[in-house]
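Whatever order the structure lists ligands and atoms in, that order sets their numbers, starting from 1. Here the structure is a predicted model, which is why all the values come from computation and not from measurement.
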Amino acid sequence: MKLRDLLARHRELWHEATRHPFLEGVRRGTLPRRAFERWLVQDYLFVLEGLKFQARLLARAPRRDQRLLIGGLVALEEELGWFEEQARRRNLELHARPHPANAAYCGFLAGLEGEPYAAALTALWALERAYLEAWRGAAPGHPEYREFVEHWTTPEFADYISGLEEAAEAALGEAGEGARGRAEEAFVEVARFERGFWEMALEGTEENGGRVG
Ligand code: MP5
């Protein structure tokens, strides 16, 4: 199974997950400050949970994927430090309550522990790829946000995602029909949660039509 097929089969949903008014606001510099700050704090909490998810994935990874996943974990830990520095500069409190949309996404990641390895790895590939595409679409980004665009669009990050794609396709190739179905479901869930994450950041702002939720 090729992961490209998943992108093609769920093109519209994937588009909504990776092209969003939030990102247009990053590109043009029109994003309300509180939307960006809410996103930043919530994304920090998400990455904290992401690190635990990836550590659990590493524990059951085949030998051939260990280096790739360890590299990802090291980058995640560095990223947490980077978020902490960004929050300090903006005077943001990171010990916040996870928004329900974020908590649901993190709960989904935790639940992948009970799913086949190939499905969990597909989800990891999807969530990383979603960020690569999302921030690429916002490039070069308004100067205020450029550092964030650059953070998720480096060649190293793109290489990491290619590595995840290769590893997930190898795992899917060895998996049964059932696991491949679970991988597709996990992909769809990731795309929905990603879309919801941007929505969460814009809640109550004009970009979201003033809607709360
Ligand atoms: C990522 C993220 C990318 N930081 N936040 C969401 C909601 N989805 C995906 O993960 P990473 O670890 O920051 O590259």
Contact atoms of ligand 1, heavy-atom distance to Leu76 under 4.0 Å: 12 (O)

Side chains of Trp125 and Glu169: any donor to acceptor distance under 3.5 Å? no

Ligand 1-proximal atoms of Leu127, by part, heavy-atom distance under 4.0 Å: both

Which atoms of ligand 1 are found less than 4.0 Å from any heavy atom of Phe157? 14 (O)

Regarding Gln86 and Arg90, do their side chains bring together a donor and an acceptor under 3.5 Å, going by distance alone? yes

Mind checking what makes side chain to side chain donor-acceptor pair (under 3.5 Å) contact with Tyr131, not counting sequence neighbours? Trp39, Asp43

What orientation do Tyr105 and Phe46 show, parallel under 30°, tilted 30 to 60°, or perpendicular over 60°? tilted

Going by the closest heavy atom to atom 14 (O) of ligand 1, which one wins out of Glu194, Glu49, Glu128? Glu128

Considering non-hydrogen atoms of the protein only, which is the closest contact for atom 13 (O) of ligand 1, and what is the distance? Glu79 OE1, 2.5 Å

Looking only at the side chains, is there a donor atom on one of Trp198 and Glu16 sitting less than 3.5 Å from an acceptor on the other? no

May I ask you to identify the nearest protein heavy atom to atom 7 (C) of ligand 1, giving residue, atom name and distance to one decimal place in Å? Asp43 OD1, 3.4 Å

Report, in ascending order of atom number, the atoms of ligand 1 lying under 4.0 Å from any heavy atom of Val47. 4 (N), 13 (O)

Could you list the residues that satisfy side chain to side chain donor-acceptor pair (under 3.5 Å) with Glu184, not counting sequence neighbours? Arg9, His10

Please identify which atoms of ligand 1 are closer than 4.0 Å to at least one heavy atom of Trp152. 4 (N), 11 (P), 13 (O), 14 (O)

Contact (N/O only, under 3.5 Å) between Tyr105 and ligand 1: no

Using 4.0 Å as the upper bound for N to carboxylate O, is an ion pair formed by Glu85 and Arg89? yes

Which residue supplies the protein heavy atom nearest to atom 2 (C) of ligand 1, what is that atom called, and how far is it? Tyr131 CE2, 3.2 Å

Between Arg195 and Thr18, is there a side-chain heavy-atom distance shorter than 4.5 Å? no

Does at least one non-hydrogen atom of Phe193 fall below 4.0 angstrom from an atom of ligand 1? no

